[in-house]
Amino acid sequence: MSFSSGVRTQHVFGWVSIIWFMSAVCIIVSESVELQTISQIAAQCGNNVTLKCDAVSSHQLDIRSFEWLARDKSVCQNGHGQPDRKVLCERGDHSLTLTLLNVMPDDQGTYLCKLRSTSGSGSKNTVVTVQDCLGSVGSSINESYAECWFTEVYPDSTVHWFQGDVNLTDLAVTQEAVDNQQYNYVSSKIVVQKGNLSQPYECSLWIPSTGKYLSNQQLHMVQKLVVNSSENMVKLQWICMIVGIMMVKFMA
Ligand SMILES: *[C@@H]1O[C@H](CO)[C@@H](O)[C@H](O)[C@H]1NC(C)=O
Ligand SMILES: *[C@@H]1O[C@H](CO)[C@@H](O)[C@H](O)[C@H]1NC(C)=O
Ligand SMILES: *[C@@H]1O[C@H](CO)[C@@H](O)[C@H](O)[C@H]1NC(C)=O
Ligand SMILES: *[C@@H]1O[C@H](CO)[C@@H](O)[C@H](O)[C@H]1NC(C)=O
Ligand SMILES: *[C@@H]1O[C@H](CO)[C@@H](O)[C@H](O)[C@H]1NC(C)=O
């Protein structure tokens with residue numbers, strides 16, 4: 001008797017634990033709030049980029065705090081952007097939208113959307129990369145060197161040199177400097193081949209990570225035209241004299 005009642009108590013205890021466990025699971029499941037973001041955005045330099053975060057829940061959501069963070073700092077909280085950042089921050093019923101204005105390499109990184117509500121909390125990432133940054137370009141050529149430069153370049157680049165179909169890249173010397181906003185300043189120089197001055201040199205800015213050229217410049221050697229103005233003046237005087245003589249003869 002005592003043995004079977006002991007088994008029954010164990011059984012009852014077992015069922016009670018199962019019911020407890022299941023109700024606990026149900027509470028955890030019903031508490032969960034799902035956040036939806038775009039996991040990766042490749043932004044064009046200078047554009048505005050919109051990061052949206054949607055809260056999805058099967059229950060009524062009583063949101064306590066809703067924010068976007070960058071490098072552990074809040075940049076957009078409950079619809080208010082940080083005044084020192086060039087961002088827009090917009091709060092919807094169940095969404096929070098962060099707009100990064102005029103993106104620069106500096107804006108690149110992981111953005112975290114974070115939500116706290118009475119029925120749970122959650123967070124989700126968006127990774128922003130910035131590409132196709134180019135400020136100004138320039139070039140020069142003389143009898144000794146051809147040179148090209150590019151400012152505010154991002155991401156990392158190399159300069160390719162061509163003359164017609166001939167790849168001269170390995171003969172060029174390229175220098176790079178980075179400023180504190182992560183922009184690159186690139187200049188590349190090549191010794192001008194004496195024999196091939198008639199064909200233009202071409203320098204191109206190649207971005208390995210995106211696999212495309214961001215800029216292309218053609219350098220034409222200006223053939224030195226010997227314009228000797230004093231010689232021309234002499235010629236002009238001669239022409240005038242001849243015309244004058246002819247006219248005099250004509251009238252005579
Ligand atoms: C970015 O947004 C600002 C402010 O809304 C606007 O003035 C600007 O023209 C936008 N820039 C681009 C590239 O769309
Ligand atoms: C040719 O240009 C280079 C810069 O690209 C400059 O350093 C050099 O002095 C120039 N040479 C002549 C002869 O002008
Ligand atoms: C030109 O040469 C450079 C360096 O050797 C190389 O990286 C590049 O791919 C070449 N470009 C072409 C179009 O062959
Ligand atoms: C110069 O031009 C000649 C003929 O156009 C060509 O065969 C040669 O490869 C060129 N050399 C260079 C270094 O571009
Ligand atoms: C221009 O021509 C005159 C007369 O032929 C000559 O004396 C002078 O040196 C020339 N100047 C230049 C810059 O070639």
Side-chain angles (χ1 to χ4, degrees), residues 38 41-52 68 70 75-76 79-92 96-108 111 126 128-177 181 183-197 199-226:
I38 298 170
I41 296 178
Q44 299 284 307
C45 211
N47 278 9
N48 298 336
V49 175
T50 300
L51 285 70
K52 199 163 181 245
W68 276 105
V75 286
C76 171
H80 304 290
Q82 296 298 104
D84 58 324
R85 301 271 311 214
K86 43 182 191 57
V87 300
L88 299 177
C89 182
E90 234 177 300
R91 169 74 195 275
L96 186 68
T97 304
L98 168 69
T99 305
L100 308 172
L101 299 174
N102 185 21
V103 293
M104 291 167 43
D106 241 6
D107 295 315
Q108 191 164 278
Y111 290 78
T126 294
V128 174
T129 54
V130 175
Q131 62 188 40
D132 295 350
C133 297
L134 179 60
S136 57
V137 303
S139 64
S140 75
I141 189 166
N142 59 27
E143 308 85 56
S144 327
Y145 295 103
E147 193 173 7
C148 278
W149 57 89
F150 308 87
T151 70
E152 295 184 354
V153 179
Y154 193 87
D156 284 343
S157 63
T158 58
V159 178
H160 288 175
W161 284 92
F162 284 90
Q163 192 178 26
D165 291 333
V166 184
N167 191 342
L168 302 171
T169 304
D170 290 336
L171 303 174
V173 178
T174 300
Q175 288 182 314
E176 272 185 305
Q181 292 176 310
Y183 280 125
N184 291 298
Y185 293 78
V186 185
S187 81
S188 187
K189 202 170 175 180
I190 194 165
V191 173
V192 166
Q193 308 287 304
K194 292 282 180 254
N196 295 39
L197 292 181
Q199 262 189 315
Y201 281 78
E202 207 175 307
C203 66
S204 307
L205 190 66
W206 172 254
I207 311 291
S209 66
T210 56
K212 63 181 180 188
Y213 287 107
L214 210 53
S215 170
N216 196 40
Q217 303 188 65
Q218 279 210 347
L219 285 73
H220 294 269
M221 175 69 90
V222 178
Q223 298 293 339
K224 276 217 168 152
L225 296 170
V226 183

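Start at 1 and go down the list; that is how both ligands and their atoms are numbered. Note that the numbering runs from 1 along the sequence shown for the chain.
We find the CD-OG distance between Gln175 and Ser187 to be 5.0 Å, quoted to the nearest 0.5 Å. If you take OH on Tyr213 and CD1 on Ile207, they are separated by 11.0 Å, rounding to the nearest 0.5 Å. With rounding to the nearest 0.5 Å, the separation of CD1 in Ile41 from CG in Leu51 is 4.5 Å. Summarising the geometry, atom CZ belonging to Phe162 is positioned 8.0 Å from atom CG belonging to Leu168; distances are rounded to the nearest 0.5 Å. Distance CD/Glu152 to SG/Cys133: 8.5 Å, rounded to 0.5 Å. With rounding to the nearest 0.5 Å, the separation of NZ in Lys212 from CH2 in Trp206 is 10.5 Å.
Of all protein heavy atoms, the one closest to atom 9 (O) of ligand 3 is His160 CE1, 4.1 Å. Ranking the protein heavy atoms by distance from atom 5 (O) of ligand 2 puts Glu147 OE1, 2.7 Å first. For atom 14 (O) of ligand 3, the closest heavy atom belonging to the protein is Asn167 ND2, 3.3 Å. Nearest protein heavy-atom neighbour of atom 2 (O) of ligand 2: Asn142 ND2, 2.4 Å.
Proximity of Phe162 to ligand 3, defined as any heavy-atom pair under 4.0 Å, is confined to the side chain (atoms from C-beta onward).
Protein heavy atoms are found inside the 4.0 Å sphere centred on atom 11 (N) of ligand 1. At a distance under 4.0 Å, no protein heavy atom can be found next to atom 7 (O) of ligand 1.
Taking every non-hydrogen atom of Thr169 and a distance limit under 4.0 Å, the qualifying atoms of ligand 3 come out as 1 (C), 2 (O), 3 (C), 4 (C). Residue Leu101 approaches ligand 1 through these ligand atoms, each under 4.0 Å from one of its heavy atoms: 1 (C), 2 (O). Each of the following atoms of ligand 1 lies closer than 4.0 Å to a heavy atom of Asn48: 1 (C), 2 (O), 3 (C), 8 (C), 10 (C), 11 (N), 12 (C), 14 (O). Against a heavy-atom cut-off of under 4.0 Å, Asp170 is close to the following atoms of ligand 3: 4 (C), 5 (O).
Between Asn48 and the options Leu88, Thr99, Val103, a side-chain contact (heavy atoms from CB on, under 4.5 Å) holds for only Thr99.
Smallest separation of non-hydrogen atoms from Asn102 and Asp107: O-OD2, 4.1 Å.
With Cys148, Ser144, Ser139, Ser140 as candidates, the residue nearest to atom 13 (C) of ligand 2 on a non-hydrogen basis is Ser144.
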